[in-house]
Amino acid sequence: MSEAILEVEALEAGYGEVQVLWGLSLKARRGALTAIVGANGAGKTTTLRAVAGTILPWRGRVTFENEDVTRLATHEKAARGFALVPEGRQLFSSMSVAENLELGAFSKRASHSFATRRDQVFALFPRLAERQGQRAGTLSGGEQQMVAIARGLMSDPTILIIDELSLGLAPVVVYQLLATLKKLKEAGLTILLVEQNVHLALALSDYAYVIAEGKLFTEGEPAKLSAMPEIRRAYLGL
Amino acid sequence: MKRLYLLAAAAALIATPAFAQNTITIGFTDSVTGPLNVDSLGQTRGYEFWRDEVNAAGGIKAGGKSYKVKFVSYDDESVGGRVQQLYTRLINQDKANFLFSPYSSGLTAPAAVISEQYGKIMIDSGGAEEKPFEQGNKYLFMVITSATHYLSGAIEALKEKDPHAKLAMVYSDDPFSKDVLAAAAQQAKAAGLDVVLDESYSPSTTDFGPVVNKIISSNADAFLGGGHYSDGATLARQMHDQKANMKWMSILVAPADDKFAELGPAALGVTVPSQWEVQVSYKPQFGPTTAQFVKAYEAKFHAPPDYHAASGYTDGMILQHAIEQAGSVDPEKVTAALNAIDVTTFFGRIKFATDPGHHGLQVGHKMVLAQWQMINGKLGRQVVWPTEAQSANLLYPMPASK
Amino acid sequence: MLGFIASIIDGVLVGLVYGLAAMGLTLIWGVMDVINLTHGAMIVAGMMLLYLLASALGLSPYLILAPSLIGGFFAGIALYWIAIHRMTGRPPLMSLLSTFAVNLVLVGVGTAVWGTALFNVEVSVPGFSLGRYTFPGPHILAAVLAAVIAVGLYFFLHHTRTGKAMRAVANNREASELVGIPTTRLLAISVGVGVALATVSGTLIGTLFPYTILSGDSYELKGFIVTVLGGFGNPIGALVGGVALGVLEGAVTPFVPVSWTLVIEFALFVIVLIAFPGGIFTRRRGGL
Amino acid sequence: MVRRPFFWIIALVIAVFAALPAIGNNVEMRESLVLACVYITLASNLNLMLGYAGYINFGSIVFFGLGGYICVWLVYAHNWPLLPSLLAAGFGVSALALIFGLGILRLRGHFFALATIGIVEGVQAFAENFSPWGGSSGIYISPAVFKPFGGAAEALWVIYFAMVAVMGASLYLSYGIKSSKFGLGLLAIGQNEDAAAILGVPTPFYKALVYCISAFLPAITGGLYFFKSAFIQPSDAFDLTLSTEAIVICMLGGQGTVTGVALGAFLYEELRGYLLTSPTFADFQLTIAGVLLLIIVLFFPSGLMGFIYSRFPRTQKVLE
C-alpha cells in the first residue's frame, strides 16, 4: 500500500453546541479510491466540511501531504491541491459552464496548464464542451454533477473529494459518472468518495470506512466489509 | 440613567452664576447641523455680536439695575422634531427670561407655540412666514419684513423696466418660500404682469435640469423663485449653464450670502430681496450706524455681515431697547414696550402690528433689492431698489450668459 | 415638442449619472447582500475631494477622478473591515445598522468640519444646443464617462480573473472558497470597488451642480430606485435603470407640477418592487 | 396574565411615568418624558414587526405622521373634539396600513425594507402637495383649542397622561401578543417563514394583521404629539430619521423583547437629549451617536437584554 496523502486523526466537530463527530480517524492513500459510507446523518458531510475547512474542527488533526492543515482556510487548502465536489453541486449557477471551469482553475497551481486541462476535461465530459456557453443553473442534474466534478478536476487536484455523487440522479447517469471516476483513478488520481449508497461505494473503492453516529464503525477492504453480517444487514439490505 | 440627570444637573449648576439677579438669560436654538446651517450661522453671529457688545458696555440698564446677558442655545439639527422640547427646556430648566427665534419659518412656528404656552417673549428674525402671527399670539415679535413683502420691490422694479414681462415663478416647497411667492404672484397680477409658470419643487431637489427646461419652454423672460441657500445657488448655476437667458432673475436668500460669489458668472445680474445691505444708510435713533456696525463686525469675524447677521443683531437691540423703555424685565411690561415701539435703527424702521389678527408682525421695516454686479472687477452686491436708497443703477436686462 | 425632446435628452444625460451613482450601491448589494448606507456619504467624499484638489491645486476636475478612484477603493477596504466583515452570516439588519452607524460618524465629522456650506467647482466644457435648450458640456461629458465606467466595470466583472472571482463569490460563497478563491479578500475588494464607484460618481456629479455635505442622500435614495429597476450588481442594468428613472423625470416634468415628480417616482418604485421583486431588467437574484 | 409579575412591572412603569413629573410640577422632566413615551410607543409597535415577525419596517413614522395629520386636520378643519379625532386617526391609519400591507407584505428582507422607505418618501411628497393639509406649510391650530382643558398648561398635562396611557397600552400589547398563539406564530415567521407556513401558521393573514395592529397606537401617539405641538408639517411628520431611530432602539434594547425595547427607547432618548444639549458634545453629537451605535452592533449584537440575560440569568423568568 502506498503512503497516505490525507490523514485525519481524532477529529471532533459540530455545529453550535451540538457535537457531530466524536474522534474520527481515517486515511486516503495516494492513487487509491477511498470511500466513506454511512447512513443519513452519520456525520459524513460534516467530516468533509471539517476536513475542507468550511467548518472549523474542534479538536483533532488533519494532515495533507505531511503538512498540518487543520486550521488552514478552505481556499488555502484548495490552493494546495485539495478539490472538494460538494453535496448538492454548489455550482456558480448564474455563470456559464466555461466560467465555472475557469473558476475551478482559480488557484495559481492550476492556472498555468489551464488549456490542456480544459481539453482533458472536455474529453472526459464531451457534453460539457457542447454546453460551454450555457448558464450552469439551467443544466440537468446529471450535467450539473459533471460540471461540479469537472470544476474540481480543473484545479489540478492532488486529491478529489466527492460528497454524495449519486444523490438525486437517475441510475443511468450515476453509472456513467462512476465509469468516469474509474477512468480517473486508473489515470492515477487520488479520490475520496462519500456515498450514502453503500453498494456503489463498495463496488468502486479500494478501501472503505463505515461511519455511524459520528464515530468510526468499521473499516477495511470492500470485499471484507461486504462479508460482514452487520454491514450486510444494516447497509446492504441483505 | 440617574447619573446622566446628575451630570446634566451639575452642568446646569456650574453654568449658572450665583449673582443671577443681575443676569438675564436668552435662549434659542440654531442649526449647528443640517441643511440650514449656513444661514443659521449668520443669525447666530448677529446674536452673539450684540451680546458681546452689550456686556462690554456693562449690560442692559433698566430700573436702576444693570443686567448682563447670558445665552443658552442648542442645536436643532435643522428639523422641527426637537424644537419644542428644546424651547421647553430653555424656559424651564435653563430659566430663559427671553427667547430668540431659530432660523427659518419651519422651525420658528413650532418654537412660537411653546413661547406662547409659557408666556415668554420671543423676538423673531429667522421666520418670515405670516401664519404664526395669525394665531392670536401675544408674545411673538418679528423684526424683519414678512414673507408677503419679500418680492414686492422686485415686482415694482420689474414693472417699471418692462410692463409686459412674462414671469416664471419656481420655488422651494417650504412654508417660507411658498408664502413669499404666493404673495408675489398676487402682486404681479395686480401690476399687470403675466405669470406664465407657477410651481414648487421639493426642498431636496439637487438637479434642476428639467425645471430649467420647463422655464425655457414657458417663454418667460423674468424669473422669481428659489428657497434657501443650497437650492437657490444650484438653480442659479443651472440657469446659467443651460443658458436660460433671462432678462431678470430674483432668487430668495441664497444670493444674499457672500459665498454666492463662488458661482462666478452665474451670479452676475442676479437680484435678491434683502432685509438689509451694507450700503443702506438709515439714520438710527439709537445703536450703531451701518458703517459702525459693519466695521466692528468685520473686525470680529473677518467677513462682512449679511442680512441674517444684521437682523440677528437687531433682535437683541430691539429687546434691549424695550427692556430699557420698560425699566424692567417683567414680561408684561416689556411686551407693552415692544407694542409701543416705533423706531429707526441701522437696520431700518421697526414697528410691530398690534391688532389681534396680526399681532407682532413687522409693519415698519422695508426690504431693499440687491443685485450682483461687477464692482472694481470683483463680484459684489449693490442696492438697486428702491431708487432713493440705491447704491448703483439696476442692470436690466441682466448681463447675458456667456 | 422641441421642449419635450429636450427633456428626454436631459433625462438620458441625468439618468446615466444616476446609474453611475447607483452602481457602487448595487455592486455591494449584489455581491454580499449588504445595503451600504454610507453610500451617500461616500459620494459626498468624492465631491469634497474634488473641491479640495480643484481649489487648492487648481487641477482639472477630470484629473481628480484618479485619486478619487484610488482613495475610494481604500476607504471601501477600510469600511469592509470596520463595519461589514463581522456582519457576514448575521441577519441583514445588522449590516444595515453598522453601515448606518459609520454614516452617522462620517456625516458628523463632515458637518463639524465644513458645516453645510455650499461648494461650487466651475468647469468649462463646451455644451450643445437644441433650439433654445442647452445641454451643458460637463453634463454630456459626465454622461459619457458614466457609460464608459459602466462598460469598463462590465468588462472587469466578465473578463478579468478578479472580476470573475467577484461574481463567483456573489453567486456562491462556499463554492468560491472551495475552488480556492480567498472570499474574504474578494469581499473586501468588492466593497473597495463599490465605494470607489461612489466617490468617482461624487467627483463627477460635483462638476455638474454645487453641493453640500448632505447632497449624497438624494443620490442614495435614487440608488435604491435604480437598483430595483435595474437589478443587482449589474453595471449595465444600473445604467439602464438610471436612464429609465432619468427619462421618467424628464418625460413627466413638462406635464405635471415638478413637486409631484417625487410622489410619482416613489409610487412607481413601490409598484415595481411589488410587481418585480428582483428588478425588471434582470432575470433573478444572483445575476451578477 | 394578571398573575404574572411582568404585568405588574408594566403597571409600575406607567405609574412612575405618570407620577414622576407630576410631583413638584416638573415640566422640563415631563417634556423629556413625552419624547421617551413617543419613542417607547414607536419602538414597541415596530418591535411587533421587527422583533417578532422579522420584518424591517422603515415606515413606522408614516403611522405616526398620518395619525398626527388626521387628528390635527379633524380638530382644525372640522372642529372635532380631541378624543374622536384620535380614534379616527387610529382606525383610519390602521385601515391604511392594511391596504399598504396587502401590497408590500409579499416582499421579504431588504425588499420589504426598501418598499417601506418608498412609502415614507411617497407619503411625505404627497403631504407636501396635498392642499387640504396645508401642503408643505402644514397646519397650525390656534391655542384656543386648549381652552376646553382649562388652558394650555392644563392641556399639556392631560395630553401627557394620555401619552403615558398609550405607551402603557403599547407595552401591554407587546406583552399580550408575545404570550399568545398569535405571537408564537409571528415568532415562527421571524425564524423561518416558509417553515412556519408549512406548520400551519396562516402567514399572510398574520403578517397583515400585525402590520395593521402596529399602526394603531403609533397613530394615536402621533395625534397626541402634534395636537400638543399645535402645529404639523410634512418634514416633521414623516422624518425618516425617527423611523431609523426606532429600529436602532429595538437593536439597542434587544429585538423581540418587551423590556429591552422599552428600556432602549428610554435610554436612547435620554442619551440623545444629553448629547444634544451638552456643551461639550454638542458639536460632535452625531459622531458620538454613530460610534456608540457601531460599538453596540459590533460587540453587543443581542442588545441590552442579551447582556442582562447573560449576566443575570434569573431575570429571564421575570422579564419578557
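Quick note on labels: first sequence line is chain A, next is B, and so on, each numbered from 1. Everything numeric in this text was worked out from a predicted model, so none of it was measured.
Both the backbone and the side chain of Glu121(D) come within contact range of chain C, with heavy atoms under 4.5 Å apart. Both the backbone and the side chain of Ile82(C) come within contact range of chain D, with heavy atoms under 4.5 Å apart. In this structure, no portion of Leu106(C) lies under 4.5 Å from any heavy atom of chain D. Residue Gln124(D): no heavy atom, backbone or side chain, is found under 4.5 Å from chain C.
For the atom pair CZ of Phe112(D) and CD1 of Ile274(C), the computed distance is 10.0 Å after rounding to the nearest 0.5 Å. Interatomic distance, CD1 of Ile225(C) versus CG of Leu114(D), reported as 10.0 Å (0.5 Å rounding). Annotation: the span from Ile117(D) atom CD1 to Phe269(C) atom CZ amounts to 7.0 Å, rounded to 0.5 Å. In this structure, Leu298(D) CG and Arg90(C) CZ are separated by 7.5 Å, a value rounded to the nearest 0.5 Å.
Val263(C) places none of its side-chain heavy atoms less than 4.5 Å from the side chain of Glu128(D). Val248(D) places a side-chain heavy atom less than 4.5 Å from the side chain of Phe100(C).
The side-chain hydrogen bond (donor to acceptor under 3.5 Å, both in side chains) check on Asp236(D) picks up Gln233(D), with sequence neighbours excluded. For Asn36(C), the side-chain hydrogen bond (donor to acceptor under 3.5 Å, both in side chains) partners are Thr38(C), not counting sequence neighbours. Partners of Asp10(C) by side-chain hydrogen bond (donor to acceptor under 3.5 Å, both in side chains), not counting sequence neighbours: none found.
When each of Ile104(D), Leu107(D), Thr116(D) is checked for a side chain to side chain contact (heavy atoms under 4.5 Å, CB included) with Val270(C), only Ile104(D) meets the rule. Of the candidates Leu97(C), Val105(C), Val102(C), Val102(C) is the only one forming a side chain to side chain contact (heavy atoms under 4.5 Å, CB included) with Leu294(D).
For Phe255(C), the CZ atom counts as densely surrounded, since its 6.0 Å shell holds more than 12 non-hydrogen atoms of other residues, nucleotides or ligands. Shown here is Arg272(D), whose CZ atom has more than 12 heavy atoms of other residues, nucleotides or ligands within 6.0 Å.
Leu262(C) and Ala125(D) make their closest contact through CB-CB, 3.9 Å (heavy atoms, listed as atom of the first residue, atom of the second, distance). A pairwise comparison of heavy atoms in Leu104(C) and Gly290(D) identifies CB-CA, 3.7 Å as the closest pair.
Annotation: residues 50-61 of chain D contacts chain C through Leu50(D), Ile56(D), Phe58(D) [non-hydrogen atoms, separation under 4.5 Å].
Listed options Leu221(C), Asn103(C), Thr99(C) were ranked by heavy-atom pairs under 4.5 angstrom with chain D; first place goes to Leu221(C). Ranked by non-hydrogen atom pairs under 4.5 Å with chain C, the options Gly122(D), Ala113(D), Gly118(D) are led by Gly118(D).
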